[in-house]
Amino acid sequence: MATATEHYEDLLADRYTWMLGGDIVALAEEQSALLRGLGVSPAEFDDAVAVDLGCGSGAQSLALADLGFRSVAAVDTSRKLLDELARHAGDRSPVRPVLADIRTALPHVAAPGTAGVVVCMGDTLPHLPAASDVVALLGDARKALAPGGHLVITYRDLTRPLQGTDRFLPVRSDENHLLTCFLEYRDEETVVVHDLLHTRTDGQWSMRASSYPKLRIGAEWLAARCRAVGLEIAHDAAGPRGMHVLHARRP
C-alpha cells in the first residue's frame, strides 16, 4: 500500500484538477467566497503572510491571493502539482510554491506570530500518517498565527462507516476517463482508500489502481484539539462538496 504522497504523485497528480471539476478559476472563486464568508481578510493585519498547507494545484492559494494577501506560501509534497500551480499563478502572483512536508513546513515559511491565515483545505488533513501529526500541526499553526489570525480546515468526516455498495464512490468521468473510489474501514482511526482510474486510449480501456491510508477525523475531536492548543472555534459545520468546515482563531 502506498503512502498518501506516493498515491497522489503516481496516480492522481496528473488528473487532480480534472477530478475536482477541471476549472481552476471557478474553484478559486468558490474558495474565495468560502474564506470571505468566514471573515478572512488581510485588512486585519499589517503585511501578514498566508499559508496554504497541501495546496494541490492551487485553488486555495489563488483564492488567498485574490483576497489581497501579499505573500502566500503554497506548500505541497507534489512537484507536479506545484508546477501546475505556478502556471496558474503567473510571474506576478504573490503565491510562492514550496516543496515540503506540511508536518514540518510552518516554522520555515512563517515566523511566529506573522501569519494572518493558515489554511489546510480540500481534505488534506486526513492524509497525515497519524492523529499525533494532526495535533502537532495545530500547535504549529497556533504559533505561526498573528493575534486574531485564522485557521481554516476543510475535510471529510469519515467517522461513520459506509456499508456495502455505498462504499463505492464515483468521483468523475468523461468520455476517456473514469475515476472511482472504494473505502475499506480498517479500524477506528483509519480507512483505506482505493482509487481506480480507467483511461481510454485509441478505443481501448486500461485501469490503474492504488491504495493509501486516511485518518478518520471527527468534528468534535478536531475542535477539542484546536481548543487544547489555544485556538478559539469560530465556525464548525458542514460545508460545500461534502466537506466539514472548521474555522478557528488565535485569541
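Source: prediction; values computed, not measured.
Aromatic ring orientation, W205 versus H198: perpendicular (interplanar angle above 60°, classes split at 30° and 60°).
At least one donor-acceptor pair under 3.5 Å links the side chain of R167 to the backbone N or O of G164. A side-chain donor-acceptor contact under 3.5 Å links D76 to the backbone of G56. The backbone N or O of D10 lies less than 3.5 Å from a partner atom in the side chain of R208, making a donor-acceptor pair. With hydrogens and angles disregarded, no donor-acceptor distance shorter than 3.5 Å links the side chain of Q31 to the backbone of A28. A donor-acceptor pair under 3.5 Å is absent between the side-chain atoms of R103 and the main chain of L128, judged by distance alone.
For the residue pair I24 and S57, the shortest heavy atom distance occurs at CD1-OG, 3.8 Å. Shown here for A63 and L35, the closest heavy-atom pair between the two residues is CB-CD1, 4.3 Å. The two residues D187 and T190 have their closest heavy-atom pair at OD1-N, 2.8 Å. The two residues R216 and P161 have their closest heavy-atom pair at NH2-CD, 3.5 Å. The two residues M121 and V152 come nearest to each other via the heavy atoms CG-O, 3.8 Å. The two residues D52 and S61 make their nearest non-hydrogen contact at OD2-OG, 2.7 Å.
Going from atom OG of S211 over to atom CD of E6 covers 12.0 Å, rounded to the nearest 0.5 Å. Note: N176 CG to T201 OG1 = 7.5 Å, rounded to the nearest 0.5 Å. Between the OG atom in S78 and the CG atom in L85 there is a gap of 10.5 Å [rounded to 0.5 Å]. Note: L81 CG to Y8 OH = 9.5 Å, rounded to the nearest 0.5 Å. One finds the OG1 atom of T17 at 10.0 Å from the CG atom of D23 (value rounded to the nearest 0.5 Å). Atom CG of L67 and atom OG of S32 lie 5.0 Å apart (nearest 0.5 Å).
With 3.5 Å as the limit, one finds no donor-acceptor pair spanning the side chains of R200 and H177. Using a 3.5 Å distance cut-off with no hydrogens or angles, the side chains of H194 and Y212 do not pair a donor with an acceptor. Using modelled atom types, one finds no donor on one side chain facing an acceptor on the other under 3.5 Å when comparing T199 with S206. Between the side chains of D157 and T159, at least one donor N or O lies within less than 3.5 Å of an accepting N or O.
Transitive grouping of hydrophobic side chains (ILVMFWY, heavy atoms separated by less than 4.5 Å) brings V193 and M19 into a common cluster. Linking ILVMFWY residues whenever their side-chain heavy atoms come closer than 4.5 Å, directly or via other members, leaves Y185 and W221 in distinct clusters. One hydrophobic cluster, built from ILVMFWY side chains closer than 4.5 Å, holds both V245 and L64. A continuous path of Ile, Leu, Val, Met, Phe, Trp and Tyr side chains, each step under 4.5 Å between heavy atoms, connects L125 with I233, placing both in one hydrophobic cluster. Side-chain heavy atoms closer than 4.5 Å link hydrophobic residues (I, L, V, M, F, W, Y) into clusters, and following such links, possibly through other members, connects I153 to V118.
No side-chain heavy atom of V109 sits less than 4.5 Å from a side-chain heavy atom of V49. Proximity of D47 to R70: side-chain heavy atoms (C-beta onward) are separated by under 4.5 Å at one or more points. Annotation: side chain of L12 is in contact with side chain of H7 (closest heavy-atom distance under 4.5 Å). At a threshold of 4.5 Å between non-hydrogen side-chain atoms, the residues C226 and L246 count as touching. The shortest side-chain heavy-atom distance between V51 and L53 falls under the 4.5 Å cut-off. Side-chain atoms of L183 and L162, non-hydrogen and from C-beta on, do get closer than 4.5 Å to each other.
In this structure, D83 pairs ionically with R79, as a charged nitrogen and a carboxylate oxygen lie closer than 4.0 Å. Look at K214 and D123 and you find a salt bridge, because one of the NZ, NE, NH1 or NH2 atoms lies within 4.0 Å of a carboxylate O, short of that distance.
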Evaluation steps, side-chain contact (heavy atoms from CB on, under 4.5 Å), between L179 and W18: CA-CA 10 Å; L179 179 60; W18 169 84; 4.0 Å; yes

Show your reasoning for whether side-chain contact (heavy atoms from CB on, under 4.5 Å) applies to V134 and I217. CA-CA 9 Å; V134 175; I217 297 175; 4.1 Å; yes

After noting the C-alpha distance and the side-chain angles of L169 and T180, does the key distance pass the side-chain contact (heavy atoms from CB on, under 4.5 Å) rule? CA-CA 6 Å; L169 306 173; T180 304; over 6 Å; no

Show your reasoning for whether side-chain contact (heavy atoms from CB on, under 4.5 Å) applies to V191 and R186. CA-CA 5 Å; V191 59; R186 187 167 66 182; over 6 Å; no

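Sorted by first and then second residue, the salt bridge (charged side-chain N to carboxylate O under 4.0 Å, His left out) pairs with a member in residues 227-247 read E30-R241; sequence neighbours excluded.
Within a 6.0 Å sphere centred on CD of E189, other residues, nucleotides and ligands contribute 12 heavy atoms or fewer. Annotation: D166, atom CG; neighbour count of heavy atoms from other residues, nucleotides and ligands within 6.0 Å is above 12. For K80, the NZ atom counts as densely surrounded, since its 6.0 Å shell holds more than 12 non-hydrogen atoms of other residues, nucleotides or ligands.
Alongside L178, the hydrophobic cluster contains no other residue (criterion: ILVMFWY side chains under 4.5 Å).
Of the residues listed (L151, D140, T114), the one engaging L145 in a side-chain contact (heavy atoms from CB on, under 4.5 Å) is L151, and it is the only one.
Listed by chain and number, the residues in a salt bridge (charged side-chain N to carboxylate O under 4.0 Å, His left out) with R249 are E44 (sequence neighbours excluded).
Two rings, from H150 and H247, have their centers less than 6.0 Å apart.
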